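The basis for the numbers below is simple: all heavy atoms, side chains too, and nothing from hydrogens, waters or symmetry mates. In the text below, chain A, chain B and the rest are named by the order of the sequence lines, each starting its count at 1. What you are looking at is a predicted structure, and each value in this text was computed from that prediction instead of being measured.
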Number of protein chains: 4
Amino acid sequence: METAARKNRGPSAGPDNRRALIVAAREVFSLEGFHAPLSAIARRAGVGQGSLYRHFPDRLTLIAAIFDENIASLEVIVDRESSTLDDYLAEILEQALVSSALIDLMMLERSDDRIQHLRTRITATTGRIVARERASGRIRADAATDDVVLAISMFAALIARVPEAERRHTGDRAWSLFHAAFAP
Amino acid sequence: METAARKNRGPSAGPDNRRALIVAAREVFSLEGFHAPLSAIARRAGVGQGSLYRHFPDRLTLIAAIFDENIASLEVIVDRESSTLDDYLAEILEQALVSSALIDLMMLERSDDRIQHLRTRITATTGRIVARERASGRIRADAATDDVVLAISMFAALIARVPEAERRHTGDRAWSLFHAAFAP
Amino acid sequence: METAARKNRGPSAGPDNRRALIVAAREVFSLEGFHAPLSAIARRAGVGQGSLYRHFPDRLTLIAAIFDENIASLEVIVDRESSTLDDYLAEILEQALVSSALIDLMMLERSDDRIQHLRTRITATTGRIVARERASGRIRADAATDDVVLAISMFAALIARVPEAERRHTGDRAWSLFHAAFAP
Amino acid sequence: METAARKNRGPSAGPDNRRALIVAAREVFSLEGFHAPLSAIARRAGVGQGSLYRHFPDRLTLIAAIFDENIASLEVIVDRESSTLDDYLAEILEQALVSSALIDLMMLERSDDRIQHLRTRITATTGRIVARERASGRIRADAATDDVVLAISMFAALIARVPEAERRHTGDRAWSLFHAAFAP
DNA sequence: TATGAATGAGCCTTCATTCAT
DNA sequence: CATGAATGAAGGCTCATTCAT
């Protein structure tokens, strides 16, 4: 019985539950969108409703936690000296749905602190890769970080709205437009 | 207040109600997004719930009616011989939220007939303006209509997600990227 | 256009509409049960909602009108000197759903005048056929009309609840029980 | 008044709620029939709408739960060696409305598994009492269980449709018909 | 601290009934 | 008199959130 594994496991279950909730949230959100019932996430995580609320008092907090991980993985890429804007984009395309929602959120909930923080991080990260691209002459010298962020925003929003099957192909087409726009 | 006159105004109220519902839907959707409660739309239109359902049996039908009007206004612009892609874009920017939702829908509900039909219309309309731009040398000769549609999609999705105050400014920035991409 | 045939045809349409409504009601009720929306009946009759209400101010009135016709057809059978209780039953079986609903109504709405009247008629009619059966020795001399009415009630209620395909077979089985009960 | 205590009484209220819902459902259904609003049942049970749906996801599930209890009480009777078909009937008469609805359901929803199961149980139970009656010579040796089930069906359907005041009297009259039919 | 049932507000939808034309 | 749209009161159902255990 899988119910064996789930009883009151006491405080030590805390971190595990948190992880399980984030994983479940990713799955559920990517299947049903960001309006999916929270109860579905708790169920999928094998965690009580109450625990979900303890870890993530509202939907936005949970979403922010997901974004956090995604940004971290972008940072890892940028930390690699050899990485290019294309690598960066490839990861964003991978993250498709989440990236897009992150951007939506960054656009809309400008006042929320948690989101402010994510915005700062992603802008900084993007700034670093842009600087490197400029230095290596792969993009125009006067390409502004803000414009690249804008392009990425549009890119992410687009691919999240495309059915998975066409995502790569459409992503390539879209990005080649921006290649042209930023070409030296 | 629109709550004033509310009795059975008889069948002659039909067309008025239909109009009022579309107007209310535009307002409500633009304030709360396309998941806004239909009941709020009926209320704002000063119309009974039942009438809303008579005119628009489901959410998609109502949305399609809104799109219909929007596309019509794009067609009017393209019909004007002197109009340019920038004029076209200006109108899309005006329609902001609706345009974006239209595009979302065109991406997602590929199977629905009503949406299919809208897609056809908007592709045709865009094709006409693109052809004209190419002929006048304002964009690259090899610019594909599909790529322009893609750019417009991203553009519309972006501006819909930007707070109204920054919409024009952000729209300009974004579109200048595409200007660069399609420049001859 | 089929709307041609339906406009305000003036007062002369009254009786026609009444007939059409009863016919439509039979069809709709037999397909969807007696809780079917009245609007469906009006639609099927090709008649406005308002006209339905003019002719039949409430659901019960409409149902009573149907019953009226059914009882009339039972009376026709009994009027035929050669008819037997089995003929009578055959007609009831034919009327299945309506008969059963009639009986339900007779049981429940004891106070309603329209129903009182139907009850009187059906009891009288049944009394006549029972008397004849007794006289011809086909049933026990002490068989009471009331008991036969009771049996018919149960019979009708049963067959209305049986899927149409098994109706005849189940009806035969049920009635043979009563045959045994009333056998001389 | 059951409206008194209404707060979140915690999970321990679960079984109580379940019971209260079944009791309330019996009452409401017997007063208003099986189409009564479920919300009325929740209200009468002093339970939130949501709890009703947790325990009984749809109307049929709730009805099946009621039937379940009724059949159990029939089984108790049959388990008593000394019990007769008349005792059995007396209980069915007691259960009047529910018995009838059970039978309606058994007739109509032939495909539903929950109902299938109830049908099997009631047929088996009836079979046992019939066998005993036959053995003791109280009914004809060739009386088929199916015919007795049929008789019971009609009996139950009848008494459910009779106002409570006349139920016993009408029940007696009806059953005496079947007595005659099954007499040795 | 974790659990998961309880709660109830709110949305969608249907339909009986009214009434202007 | 007929028409058929308008109305709005319910009812079904879902879910975010609370809270006893």
Side-chain angles (χ1 to χ4, degrees), chain A residues 3 6-14 16-17 35-43 46-55 57-59, chain B residues 6-18 35-43 45-55 57-59, chain C residues 3 6-14 16-17 35-43 46-55 57-59, chain D residues 6-18 35-43 45-55 57-59:
Chain A
T3 51
R6 179 133 45 79
K7 246 330 111 114
N8 191 330
R9 311 213 317 288
S12 67
D16 281 5
N17 281 351
H35 290 301
L38 297 184
S39 55
I41 294 171
R43 196 177 328 116
V47 152
Q49 293 265 79
S51 298
L52 186 155
Y53 273 81
R54 164 169 300 278
H55 291 293
D58 57 33
R59 186 181 292 268
Chain B
R6 182 90 66 78
K7 256 294 131 157
N8 189 335
R9 309 210 324 289
S12 67
D16 281 4
N17 280 351
R18 206 193 131 89
H35 291 301
L38 296 186
S39 54
I41 293 171
R43 200 176 326 114
V47 151
Q49 286 268 84
S51 298
L52 187 155
Y53 276 83
R54 166 176 293 275
H55 289 294
D58 59 34
R59 186 179 292 269
Chain C
T3 51
R6 180 133 45 77
K7 246 332 109 109
N8 192 330
R9 312 215 315 292
S12 67
D16 280 5
N17 280 351
H35 290 302
L38 296 185
S39 54
I41 293 172
R43 196 177 329 117
V47 151
Q49 292 265 79
S51 298
L52 186 156
Y53 273 81
R54 164 169 301 278
H55 289 294
D58 59 32
R59 186 180 290 269
Chain D
R6 180 92 65 81
K7 257 291 128 160
N8 190 334
R9 309 208 327 289
S12 69
D16 282 5
N17 279 352
R18 205 193 132 87
H35 291 301
L38 296 186
S39 54
I41 293 172
R43 200 176 325 117
V47 151
Q49 285 267 84
S51 298
L52 185 155
Y53 276 84
R54 167 176 292 277
H55 289 293
D58 58 34
R59 187 180 291 270

Legend entry - Short side-chain N/O contact from D:His55 to OP1 or OP2 of E:dA5, under 4.0 Å: no
Inset, instruction - Can you check each nucleotide of nucleotides 11-16 of chain F against protein heavy atoms at under 4.0 Å and return B for base, S for sugar-phosphate only, - for none, in 5' to 3' order? - result: SSBBBS
Legend entry - Nearest-angstrom distance from the residue atom CG of C:Leu52 to P of F:dC1: 16 Å
Inset, instruction - Please report, rounded to the nearest Å, how far the C1' atom of F:dC19 is from the CZ atom of A:Arg54. - result: 12 Å
Inset, instruction - Scan every strand shown for a Watson-Crick or G-U wobble partner of E:dG4, both distances under 3.5 Å, and answer none if you come up empty. - result: F:dC19
Inset, instruction - Taking all heavy atoms of C:His35 and all of D:His35, pick out the closest pair and write down the distance. - result: NE2-CD2, 3.5 Å
Legend entry - Short side-chain N/O contact from C:Asn17 to OP1 or OP2 of F:dC1, under 4.0 Å: no
Inset, instruction - Rounded to the nearest angstrom, tell me the gap between atom CD1 in C:Ile41 and atom C1' in E:dA16. - result: 12 Å
Inset, instruction - For C:Gly48 and C:Ala42, work out which heavy atoms get closest and say how close. - result: O-CB, 4.1 Å
Inset, instruction - Find the distance between NE2 (B:His55) and CG (B:Asn17) and round it off to the nearest 0.5 Å. - result: 5.0 Å
Inset, instruction - To the nearest 0.5 angstrom, please state how far the CD1 atom of A:Ile41 sits from the CD atom of A:Gln49. - result: 10.0 Å
Inset, instruction - State which of F:dT3, F:dA2, F:dT7 makes the closest approach to the side chain of C:Val47. - result: F:dT3
